[in-house]
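When reading the values below, keep in mind they use all heavy atoms of this one structure, side chains included, and skip hydrogens, waters and symmetry mates. Naming: A, B, ... by sequence-line order, numbering from 1 per chain.
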Number of protein chains: 2
Amino acid sequence: MEQAISFTEENYLKTIYSLSKQNKGKIANLSIAEKLHINPATVTEMLKKLNEKNLIDYNRIDGAALTSQGESLALKVIRKHRLWETFLVNKLSFNWDEVHEIAEQLEHIQSDKLIRQLDKLLGFPKFDPHGDPIPDKNGQLPQSQAFPLVSVEEPGTTYKLIGVANHTTAFLQYLDKIKITINDKIEIKEIHEFDHSMVIRIGNRTAVMISSEVAKNLLVSAQ
Amino acid sequence: MEQAISFTEENYLKTIYSLSKQNKGKIANLSIAEKLHINPATVTEMLKKLNEKNLIDYNRIDGAALTSQGESLALKVIRKHRLWETFLVNKLSFNWDEVHEIAEQLEHIQSDKLIRQLDKLLGFPKFDPHGDPIPDKNGQLPQSQAFPLVSVEEPGTTYKLIGVANHTTAFLQYLDKIKITINDKIEIKEIHEFDHSMVIRIGNRTAVMISSEVAKNLLVSAQ
DNA sequence: TTTAACTTTTGGGCAAACCTAATGATCATT
DNA sequence: AATGATCATTAGGTTTGCCCAAAAGTTAAA
Ligand SMILES: [Mn+2]
Ligand SMILES: [Mn+2]
Ligand SMILES: [Mn+2]
Ligand SMILES: [Mn+2]
């Protein structure tokens with residue numbers, strides 16, 4: 001009894017998944033509405049429907065939480081989204097700031113074989129162009145030892161940029177402008193206690209200053 | 001004033017385009033309904049709407065005909081469909097009988113750059129895996145000198161299979177079974193006047209018999 | 001603890017695509 | 001020219017996914 005699932009429903013599941021990962025508390029109706037740019041009244045209706053379909057557990061007290069069925073659907077959509085982004089960047093020469101909107105469309109294409117073959121063509125990548133982990137075909141996420149650059153307390157060490165926590169075009173184009181991209185080496189030269197802004201050196205170029213807001217969105221690993 | 005166009009509307013335009021190429025007379029409301037597996041009443045409503053949007057000229061006497069705007073939209077969708085099919089076969093190792101349904105989904109993805117880059121990745125192909133011509137970015141169709149094998153009157157000559165006129169899984173799998181595929185050499189050994197069935201030799205294998213129904217759907221060129 | 005602010009839900013509506021049943025037109029035969 | 005058959009259209013409904021305005025419920029400050 002394979003129930004059909006619409007684009008809209010897939011987008012709700014994906015949204016609930018990502019909100020549940022970042023907020024770890026109750027998922028507010030309103031936060032879904034804001035993320036999807038729709039009216040809270042619409043969210044209420046859809047959450048009831050997803051609850052009916054056993055894709056989420058929902059009540060007004062605890063809010064919404066994905067069931068295991070709902071979670072694996074969400075992970076499947078996220079897998080497709082990230083594989084397509086990787087395809088666009090690695091095979092079609094897109095820049096990392098141009099791919100999200102197209103992947104929003106491609107992630108809803110229905111074909112298991114397609115996604116399997118795409119994965120193979122790309123060499124079974126573990127991370128997408130923004131450093132986001134790609135769930136494998138069983139929904140398993142690869143381990144990442146990423147942490148935000150802003151959490152570093154002392155200058156002097158060199159890190160590697162392995163991801164970004166903000167995927168907006170504005171942020172990605174800012175990174176393009178200051179010429180940081182994924183896998184670049186970042187050496188922290190100074191940390192200003194006052195506003196936690198930083199002076200960093202990218203590769204072996206001249207040092208630049210970044211705000212703590214930027215540092216918050218740069219995900220790095222040791223070395 | 002870029003008016004949005006829905007998946008459904010795109011499918012109607014594509015259908016009207018292909019019916020106008022094969023039937024060359026008035027396009028019957030009913031033929032659209034049959035091709036799309038929907039009710040004639042629904043077709044009436046949609047044709048009125050497409051007429052409003054200036055994508056077709058429509059009235060009950062002459063039926064529906066694409067406007068130039070409608071035709072270039074139809075060609076764009078067909079271009080995407082055939083490029084995606086080519087991608088699936090050439091880059092993702094799909095068999096030619098598995099790609100149509102997926103291309104039906106992919107053809108609606110909206111991104112000019114995507115289709116431009118895909119075209120480039122594939123080496124600007126002129127024909128898709130079924131031998132169908134791929135419109136270029138200006139909607140120009142490549143010339144094809146294909147004709148149906150059934151139109152041949154005398155045995156003795158060898159032709160090349162450059163396309164099929166029937167894209168159903170059933171037909172394509174039949175071709176797989178008798179092991180004919182695109183670009184194969186076909187030599188006509190015998191033509192039976194009674195039912196116009198043929199005995200043909202594919203490459204240099206043992207001869208096989210095919211019905212005229214099959215011969216009608218094999219598109220060949222000289223040599 | 002009361003009030004104000006915020007969040008969620010209800011109720012009433014709308015647009016896109018579809019449906020069925022019934023009516024109107026047109027087309028072939030007699 | 002009449003008459004069935006076929007095709008196209010209208011009228012009335014459904015479902016999905018969205019909206020707004022108003023009511024109800026919850027939380028937090030005064
Ligand atoms: Mn993305
Ligand atoms: Mn990404
Ligand atoms: Mn096709
Ligand atoms: Mn094709």
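The side chain of B:Glu45 sits closest to D:dG12 out of D:dT9, D:dG12, C:dT8. The nucleotide whose nearest atom lies closest to any side-chain atom of B:Ile38 is, among C:dC19, D:dT9, D:dA21, C:dC19. Side-chain atoms of A:Ala41 lie closest to C:dG11 of the nucleotides D:dA11, D:dC18, C:dG11. Relative to the side chain of A:Asn29, the nucleotides C:dT8, C:dT20, C:dT10 differ in distance, and C:dT8 lies closest.
Of the residues in residues 48-59 of chain A, A:Lys48, A:Tyr58 come within less than 4.0 Å of DNA chain C through at least one heavy atom, sorted by number.
With sequence neighbours excluded, the residues forming a side chain to side chain donor-acceptor pair (under 3.5 Å) with B:Asp62 are B:Asn59, listed by chain and number.
For the pair A:Thr44 and C:dT8, the criterion of a side-chain N or O lying under 4.0 Å from OP1 or OP2 is not met. Note on B:Ser6: every side-chain N or O is 4.0 Å or more away from OP1 and OP2 of C:dA16.
Straight-line distance from the CG atom of B:Asn11 to the P atom of C:dA17: 11 Å, rounded to whole Å. For the pair B:Arg60 CZ and C:dT23 C1', the computed distance is 12 Å after rounding to whole Å. Distance CD1 (B:Ile32) to P (C:dC18): 12 Å, rounded to an integer number of Å. Rounded to whole Å, the distance from CG on A:Leu30 to P on D:dG25 is 19 Å. Atom-to-atom, CG of B:Asp62 to P of D:dA8 comes out at 13 Å; the value is rounded to the nearest Å. Put simply, CD1 on A:Ile5 is 13 Å from P on D:dT16, counting in whole angstrom units. In this structure, B:Met46 atom CE and C:dA15 atom P are separated by 16 Å, rounded to whole Å.
Of the charged side-chain nitrogens involved, none lies within less than 4.0 Å of a carboxylate oxygen, so that A:Lys126 and A:Asp136 do not count as a salt-bridged pair.
Projected onto DNA chain D by closest heavy-atom contact, A:Ile61 and A:His37 fall at different nucleotides, the more 5' of which corresponds to A:His37.
In this model, a donor atom of one side chain and an acceptor atom of the other lie less than 3.5 Å apart for B:His167 and B:Asp132. Side-chain contact of B:Tyr58 with B:Asn29: a donor-acceptor pair under 3.5 Å is present, judged by distance alone. Counted by atom type alone, B:Lys216 and B:Ser151 present zero donor-acceptor pairs between their side chains at under 3.5 Å. A:His100 and A:His81 form a side-chain donor-acceptor contact under 3.5 Å, judged by distance and modelled atom types alone.
Contacts of B:Thr8 with the nucleic acid, taken as non-hydrogen atoms under 4.0 Å apart, involve only primed sugar atoms and P, OP1 or OP2. Within 4.0 Å of A:Asn39, counting heavy atoms only, lies at least one base atom of the nucleic acid.
The closest side-chain heavy-atom distance from B:Arg82 to B:Pro133 is below 4.5 Å.
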